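The block underneath contains the structure these notes are about, expressed in structure tokens.
Bear in mind that the values here come from a model prediction, so they are computed numbers and not experimental data.
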Amino acid sequence: MTETGENSSRDGRCRSRAVVGDDSAAEDYAGARRSEPSLRTTPTGRRNQVPSSAEREELLLQALVDMADTLVDDYDVAELLHLLVNHCVDLVGAAAAGLMLSDQRGSLQVLASSTEQTRLLELFQIQVDEGPCLDAYATGETVTAVDLTEVGERWPTFAAVALDQGFRSVHAVPLRLRKETIGALNLFGDRPGPLGDRELKVARALADTATIGILHERALRRAEVLTEQLQSALNQRVTIEQAKGILAQAGNLDMGQAFEILRGHSRNTNTRLSLIAHDLVTGEVSPAQLFDAAAARSRRSPEPLA
């Protein structure tokens, strides 16, 4: 048996959790077993033969075209990932495939699977906090178990459940770009043994394509958020300057004195400075009210020590 990344530490891994709405992956898994007794002997309901070289080339070209078509403005990440897992099953001869993606808090979420059975098994990994997909995400390295009967010490709970479902091997490929890992792709086999080098390269190529698309989309969103925050700050600054001008004119003050009145009122009422300025500019608060509040604060202030 070959296992990559076995010596990696689990201490640095963020504690993962299941998707909202899946309160108990173990209960779902048990229910699925009761309702689908044939899953144990036929994990995917399809043959998982490795395609010939000609077939693989045609399938790979079609997969890249399909995934490229999804990488447009406002594309659906879920659709992209479902394409990825299904193409992986077709191209590498896996019995099934599942994919986890990290959210903004670093927790793993099950985003795509080739079968409902695989989705429940991926959720089970998250619930028990063990399994190849979690290790691949934590280490950023491909994790391989060519025979699940020999990994009882490493993943005792996951291995037992996976074997019970008819899976015998697993390969977990990280979704990684340079030093950033955003998830992992699980490829399940119904017989022991490693994937071929070509099959692993195909899986990595598809995973890399999805990773680049997802990170690009996240970068665009972050840029949009930063732009909105900057514009909001500029707008608030303009409003504060207008409010200072109103106070300065109404009280025959300089701009510094006007700002101190605004800031003093903000602190005394525990209200954001930008909101007080907005109320003054829109007429919801009058300059006289701020002057009166400032005078009251002055009267309450203790006399300085001699």
Side-chain polar contacts of residues 171-188 - donor-acceptor pairs under 3.5 angstrom, sequence neighbours left out - could you list them?
from : atom 1 : to   : atom 2 : distance (Å)
H171 : NE2    : L195 : N      : 3.1
R176 : NH1    : G140 : O      : 2.3
N186 : ND2    : E122 : OE1    : 2.9

Run the side-chain donor-acceptor check on residues 250-258: report pairs under 3.5 Å with partners two or more places apart or on a different chain.
from : atom 1 : to   : atom 2 : distance (Å)
D254 : OD1    : G256 : N      : 3.1
D254 : OD1    : Q257 : N      : 2.6
Q257 : OE1    : D254 : N      : 3.1

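At least one side-chain heavy atom of F124 sits under 4.5 Å from a side-chain heavy atom of T157.
In this structure, the separation between NE2 on H87 and OG on S114 is 13.0 Å, given to the nearest 0.5 Å. Residue L262 holds its CG atom at 12.0 Å from OG1 of T271, rounded to the nearest 0.5 Å. Between atom CD of residue Q165 and atom CG of residue L148 there is a gap of 12.0 Å, rounded to the nearest 0.5 Å. The CZ atom of R299 sits 11.0 Å away from the CZ atom of R297 when rounded to the nearest 0.5 Å.
For P287 against I246, the heavy-atom pair with the smallest separation is CG-CG2, 3.8 Å. Shortest non-hydrogen contact noted between K244 and F259 is CD-CD1, 3.9 Å. Across all non-hydrogen atoms, the minimal contact from A96 to T118 is CB-OG1, 3.3 Å.
Listed by chain and number, the residues in a side-chain contact (heavy atoms from CB on, under 4.5 Å) with Q242 are V238, V281 (sequence neighbours excluded). Judged as a side-chain contact (heavy atoms from CB on, under 4.5 Å), and not counting sequence neighbours, Q249 has no contacts. With sequence neighbours left out, S266 forms a side chain to side chain donor-acceptor pair (under 3.5 Å) with no residue at all.
In terms of modelled atom types and a separation under 3.5 Å, the side chain of E199 and the main chain of G93 share no donor-acceptor contact. When atom types are taken as modelled, the side chain of D164 and the backbone of A160 share no donor-acceptor pair closer than 3.5 angstrom.
Among pairs with a residue in residues 270-293, none fulfils salt bridge (charged side-chain N to carboxylate O under 4.0 Å, His left out), at least two apart in sequence or across chains.
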